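These notes are about the structure you will find just below.
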Amino acid sequence: MESTRIEGTVNDWASRSFRALLVVERYGIDFHDQGTRSFDEVCREKGLDPAAVSAEIDSVAQPRLPVPIDENISLRDLIQHINARHHEYLKLELPRLRARLDRMAMRHPDRDGALLPRLREVFVEIQADLELHLHKEEDILFPSIGRMERAVANGNPLPPSPFGSVRNPIGMMEHEHTRVEELLKSMRTVARDYVAPEYACANFRAVFNTLKELEADLHEHIRVENDILHRRAAELEG
Ligand SMILES: [Fe+2]
Ligand SMILES: [Fe+2]
């Protein structure tokens with residue numbers, strides 16, 4: 001029996017996110033030359049079941065909805081949540097976004113007022129800042145908050161720390177958060193609010209969609225750290 005017809009172009013399906021693009025690439029679907037054609041037709045011509053391929057894309061390209069945090073969560077669990085949801089996400093997406101942007105900027109250095117090289121430039125700065133920032137959190141701030149929480153739970157005095165009050169590293173992290181927020185704003189301006197230009201191929205659209213997703217993720221990440229983790233860690237100190 002014929003499976004139901006899947007609506008949309010190859011571009012529509014491939015550009016939903018990076019993860020969608022990777023599925024399309026894996027099946028050898030050519031989004032460069034066939035991007036504006038019907039996804040359904042192109043799949044059938046390749047002997048693929050469009051319903052199965054689109055279901056696979058659906059399963060990987062779900063939008064990342066914000067996760068509500070229980071106000072009473074232990075700081076240890078909150079740190080685990082931040083690591084699993086936000087840090088792991090960045091470690092996966094930053095390098096592969098960078099690789100795509102490098103290639104795109106090199107291929108189209110002058111197109112559209114050097115849009116891609118300018119975009120790449122801001123992205124490189126965000127990536128460099130974040131990679132260092134994640135290290136500081138994972139190696140210094142998070143373990144120290146964990147030790148403070150354990151000490152308080154056991155009724156022990158707070159352990160001595162090399163940086164004095166926990167408010168010191170917190171202040172530094174929040175300063176870095178502000179810097180990242182500024183860079184995200186610049187990136188959004190360069191990318192014209194992530195509305196892909198008419199000429200953009202699926203690869204380009206996927207990058208734009210993923211940058212927009214990354215921006216939303218970072219806003220959520222920073223909010224959780226500033227408003228919950230940092231505030232409660234400072235309260236432990238009294
Ligand atoms: Fe973080
Ligand atoms: Fe942070």
Side-chain angles (χ1 to χ4, degrees), residues 17-19 62-99 101 119 121-153 158-159 161-191 194 207 209-237:
S17 76
F18 248 162
R19 298 179 290 280
Q62 292 303 331
R64 297 177 90 245
L65 299 173
V67 175
I69 307 275
D70 175 2
E71 272 288 312
N72 298 316
I73 190 175
S74 73
L75 294 184
R76 182 172 161 268
D77 289 346
L78 182 60
I79 287 168
Q80 222 163 52
H81 163 83
I82 292 169
N83 279 330
R85 176 169 168 85
H86 300 293
H87 287 208
E88 290 312 312
Y89 169 80
L90 288 172
K91 287 176 196 170
L92 178 71
E93 295 293 355
L94 288 173
R96 63 187 191 187
L97 266 168
R98 170 66 183 276
L101 279 168
L119 189 60
E121 199 179 302
V122 190
F123 180 85
V124 167
E125 213 175 323
I126 293 178
Q127 182 187 18
D129 279 13
L130 280 175
E131 282 174 354
L132 224 86
H133 180 81
L134 298 188
H135 270 302
K136 291 182 203 164
E137 290 180 336
E138 290 175 16
D139 298 345
I140 302 168
L141 181 61
F142 291 175
S144 133
I145 291 176
R147 284 192 296 273
M148 287 171 66
E149 186 181 48
R150 267 197 309 280
V152 171
L158 291 178
S161 93
F163 40 73
S165 164
V166 75
R167 287 178 171 84
N168 295 328
I170 284 176
M172 187 195 269
M173 292 305 104
E174 293 191 355
H175 178 73
E176 293 180 3
H177 289 167
T178 306
R179 175 71 188 139
V180 168
E181 303 264 21
E182 282 166 11
L183 287 169
L184 286 173
K185 223 184 267 173
S186 310
M187 190 159 75
R188 180 174 266 281
T189 306
V190 173
Y194 301 110
V207 167
N209 289 338
T210 311
L211 288 174
K212 199 167 142 187
E213 180 190 87
L214 183 95
E215 180 194 55
D217 179 81
L218 276 165
H219 287 317
E220 183 189 335
H221 180 175
I222 290 173
R223 240 189 349 263
V224 170
E225 289 179 351
N226 285 3
D227 298 353
I228 309 180
L229 182 69
H230 295 175
R231 180 180 53 77
R232 287 188 42 204
E235 280 167 12
L236 283 179
E237 222 173 48

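All ligand and atom numbering here is 1-based and tracks the order in the structure. Computed from heavy atoms alone, side chains included, the values below leave out hydrogens, waters and symmetry copies. Being a predicted model, the structure only gives us computed values, none of them experimental.
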Using 2.8 Å as a strict upper limit, say whether an N, O or S atom of H86 approaches the Fe ion (ligand 1) that closely. no
Considering only N, O or S atoms, which atom of H177 is nearest to the Fe ion (ligand 2)? NE2
Do E181 and K185 sit within salt-bridge range, that is, some charged N less than 4.0 Å from a carboxylate O? no
With rounding to the nearest 0.5 angstrom, report the CD1 to CZ distance, I126 to R98. 12.0 Å
Do any of the N, O or S atoms of H133 sit under 2.8 Å from the Fe ion (ligand 2)? yes
Could you tell me whether M148 atom CE has more than 12 heavy atoms of other residues or ligands within 6.0 Å of it? yes
With a sphere of 6.0 Å drawn around NZ of K91, does it hold more than 12 non-hydrogen atoms of other residues, nucleotides or ligands? yes
Restricting E137 to its N/O/S atoms, the closest one to the Fe ion (ligand 1) is OE1
Hey, is there an N, O or S on E225 sitting under 2.8 Å from the Fe ion (ligand 2)? yes
Would you call the rings of H86 and H81 parallel, tilted or perpendicular if under 30° counts as parallel and over 60° as perpendicular? perpendicular
